[in-house]
Structure formats: structure tokens, C-alpha cells
Amino acid sequence: MFLYIDPGSGSLIIQALIAAIVSLPFLLRNQIRRGVGAMRRVTGRDEESPRTQ
Amino acid sequence: MNRAEETTAGSPVAGNSTATDSSVDPASFRDPSGFVFWRNGQPYRQVNQVFAADWDAFVASGLRDRLLDRELLIPHEEAPSELSPDGQAWQLQRVEKLEFVSYPYEWTFGELKDAALLTLDLQAAALECGLTLKDASAYNIQFRGCRPILIDTLSFERAEPDAPWIAYRQFCEHFLAPLALMALRDARLGMLLREWLDGVPLDLASSLLPASTWLRPGLAAHVRLHARAQRRYADGGPGTDGTSPGRPRPTMSRQRQEALLRSLRGAVEGLRWDPSGTEWADYATNTSYSERAESAKKRTVEGMLKAAGVTKGGTRPADTRPAGTRVWDLGANVGVYSAIAASVGASVLAFDIDPAAAERHYRRLRADGQAAILPLVQDLANPSPGLGWAGRERRLLADRGPADVVMALALVHHLAIGRNVPLPMLSLFFAELAPAAIVEFVPKEDPMVRRLLASRRDVFPDYTLEGFRRAFATDWDLAEEIPIEDSPRVLFRLVRRA
């Protein structure tokens, strides 16, 4: 890492915390999508939503 | 902030670079990965040996080519390494010379916001390639016309797995905090960037922002909580390389890094400002001209611009600077006459003291896709000074010229009467900016001047048409003097004395 600016100790910590929090909704959404996708596969309806992962 | 930025931003644009043969740009000293230097008026950037692997990774990733294709990175081409001032170059780049280097404290709200969004786009693109933006300095962004562009080609480095964004703090201080202050407190607070060249301190921003920003998650997190974290860990904490005592460096998965960028983008995009209600925002629509006078003035100004040699080819055939005559429209307001100058082929810098007028101008230009005009906020009675180390990192406004033609329409009375600047000093100031000028004299009988004098004593006995002619005759030869129909105003086309 070619570090020449001061990233700031507090800045590193807070960004990690913020990132952890703001990534939760996306994590949750992905989990829900996976769950829905799995259920559709089980019920044989996966062709109705080809974008479901 | 990096050197490339400073280098390119330092003097290349300014035309009258102090570089004679080969000299390192005075703003290019912070980043050891390379530096900008001038050679015969042309800017170059050196990639130092120490940065070779990162530079090669940037090129090999294809990101450089993609950014160049999308006109998001300043054009550059490889130059012979023997031009290196110190013989230590991994590579030399001949960098496109900017028309003008502007600074964040001269930008409108929309310009700073667009520069912020570009910076986030660049970091997002870098992450996709396994790279990261190692700095997020607002000075690394410049405007080509109305389009923001990254001028520091050395801003990208290989990303360490799960490393936080090193430039996060810089982004918040250079972009988010001043934008929030401008949007939620007062647009004039953009001038804080002139005092704090390394960005607005977050504790200061927090203390100035309204308490309601606690209810805006993006600002509450990235400015307010960020400021508290800075204070709490001011005595040290995790080392960026994980080797310092104390906690290890925090880690962030790629997913979290992307989430952080989305959050920052949301915070920036959520900041809006209605550019109205300031002194000059509606000035263009509230002038004292009759329709006939306005139309006559437009015709006359266009004729004078053409007579002054404004063309797409420039006023001087041997000019090595970018093609097109450079017009500085002083007191441009929302840019009615800047548009006329652009229509006859000029590239225009449209300066105005009022952030709202300049912002409205910028928004219209962006909507129209007009690339030849850049609005900037500038108080001509207190223009941008030389700032930073030795006062040479950020250059004085006049040092970033010269223009080919300076226009001062409906401006002289504001400076001469509104700010008590004697006419001979105005004449000299204009003469320092350009060899040709188009100046409008607004006499005391004009309603606008009467308004200026309504609440004060008239201490301007020399502010007369004859006094104007006399004052400007010291520095200028009169080329044309044309009264504006249906108005007491007079337009002058002037040529600077040798």
C-alpha cells in the first residue's frame, strides 16, 4: 500500500463500523433472495423468475 | 492530495507558467509515487520507480483505458524517459495541458457535488479491478468545460485484501462536509475550503451543521460520528499497516467496501440546494435594461468579441495553448454574455461573486451539454490568493491567466462604487488579466447605480464617463466606444498598451 496521506485512526475504525452496518440490508436482501430462489426451485416455479439467484 | 493533481493543477493551465526549461511544479511534492514538472510550457508527470508495480497494475487492469475512453481521466501519452528531471523515472507522461486550473473553493455547489460523485465512481471502478483510489483530494479533479475529470494518473494502487479505504477521511473532509455545509447551512461556506486546503475539519463541520443532520443517516455517520471517532482515537489506534501497537487495522470485505461507497453516494446525492434568494440570483432577470437596450447590448458585445479576435482558432496563430480564444467573463451572473462569447468560438471562464448565480449557470450548462463555459465563484475585490506551502501550491487568480479577452459587463459600478475601488486600479487589474477588454461603463444616472448610491454618500466625483476614459487611458488604447441604444450605458473595447 502506497500510503502518503494520513487515513486517521478514528476514520479507519468508524468506516469499518459504518460499512458493517450499511452492508446489512444488502446482506439480508441477498439472503432473502436465496431463500426465495430455493423455495421456488423446490416448488418448481423457478422459471417464473429467471433472475433469482 | 497528490502531486499529479497539483502538478497539473498548479501551473499548466495557467498559461503563464513560470517554468522556463524544466521545473517541478510547486504544488507537486506530497506524493512520493511521482511528480509533475514543466518543460517548455508543457506539463509532464513522472512515475517514480517506487510506484512502478502499482502503475503497471493500473495499466494492465484496463482501467486506465476505460477511464480515458469515458473521458474521466486526463489524456496523457508516454514521453521519452530522458526528459526526467532527476533521471529516476519509471515512466514519463506528457499530460494534456488544462485550459485553466480551478480550485474547489471556487466551485459552485453543483461542481463540488459532481466532483465528489466522480471520485466515488472512480473508487467503485477501481475496486472492480482489484485497485483502490489512494487519495480522494478535490484538487485531483479539474473541469474541462463543465465536465469533471481526474487529473492525477497516479491515484490508483493495488488494493490490499480487505483493507479499508485509506482515502475515506479525505473524501469526507474534501467533499462531504463542505457539501453538507453548503446545502444545509449556507452556500458561502464553500469558502471554508480556501482556509482549510486539506479539507474542512469534521469537528468544525459538525459544530456548524444543524442538529437535524443527526436524523440524516449518511451525515450522522460520515460527518458527525466520524468526527467523534477522530476525537476519540486522536492519540492513535490501529496502524494502517497493522504493525503499530494497539488494535490491528480494521478489515472490510469487498461487499462492505461497496456498501460504504453506496452509503457515501447516497449521502452526497441526498444533498440538494436551491440556488435562489441571494443578492444576485435573480439579477439577470431584474436588470434596468429595456428589451431594445438589451438586444443592442448583445449585438454590440458580439461584434466587439469578433473584433477582438475571438475565434475557435485563438487570437494568436502561434499560440501553443489549447485552441480557442480564452475569455474571462467577470461578473458573469447566469452567463448571458458568456454564452455569446462561446457562440463565437471562445472558451469561457464565467466568474461571479454569487454562488447562487454561478450555480444556476452551471446547472443550465450541464443541462444543455455546453462544454465551452465554466462558471466559477470569485469575489473580484478579493480574488483567490496564492495559498498552501510557500503560498505557491494554489495559485493567485491572475497567475492562472492570462485570458485573451476580459469582459466586464455591468460590473464596474459594483467594484468602483459598491467596493470603493478607484477606476485607475480597476483598469490596471483588468490589464493584468488580458491584452484586450470589453468593458461596460454604467453612469450615475443609471437606475442600478442610483440604487447603489441610495443609502450612502456619493464620494465618487471621478466616477463619470470622462473619468472612466481618463482612468483607462493609462493602460489601454481605445478601440471602440459604443453607447448602448435606449440606455445611458456605454460599451468600450480596449486594447492593452504595449
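Any value given below was found using the heavy atoms of this structure, including those in side chains, with hydrogens, waters and symmetry copies removed. Lettering follows sequence order; numbering is per chain, from 1.
- By the 6.0 Å contact criterion, CH2 on B:W90 is open, its count of non-hydrogen atoms from other residues, nucleotides or ligands being 12 or less.
- For the atom pair CZ (B:R169) and CG (A:D6), the distance works out to 5.0 Å, reported to the nearest 0.5 Å.
- Residue B:L225 holds its CG atom at 14.0 Å from CD of A:Q15, rounded to the nearest 0.5 Å.
- One finds the OH atom of A:Y4 at 12.0 Å from the CD1 atom of B:I166 (value rounded to the nearest 0.5 Å).
- Of the two parts of B:A167, the backbone and the side chain both hold a non-hydrogen atom closer than 4.5 Å to a non-hydrogen atom of chain A.
- Here the CD atom belonging to B:Q255 is positioned 6.5 Å from the CG atom belonging to A:N30, to the nearest 0.5 angstrom.
- The two residues B:P250 and A:A16 have their closest heavy-atom pair at CB-CB, 3.6 Å.
- The structure places CG of A:L17 at 10.0 Å from CE of B:M252, a figure rounded to the nearest 0.5 Å.
- For a residue to count as touching a neighbouring chain, one of its non-hydrogen atoms must lie under 4.5 Å from one of that chain's; by this rule B:R262 touches chain A with the side chain only.
- Residue B:P164 comes nearest to A:L12 through the heavy atom pair CG-CD2, 3.6 Å, listed as atom of the first residue, atom of the second, then distance.
- Using a 4.5 Å heavy-atom cutoff, the side chains of A:I14 and B:Y168 are in contact.
- The neighbour count for B:W389 CH2, taken as heavy atoms of other residues, nucleotides or ligands under 6.0 Å away, does not exceed 12.
- Other residues, nucleotides and ligands contribute more than 12 heavy atoms inside 6.0 Å of the CZ atom of B:R64.
- Atom OG of residue A:S23 and atom CG of residue B:L260 lie 9.5 Å apart, to the nearest 0.5 angstrom.
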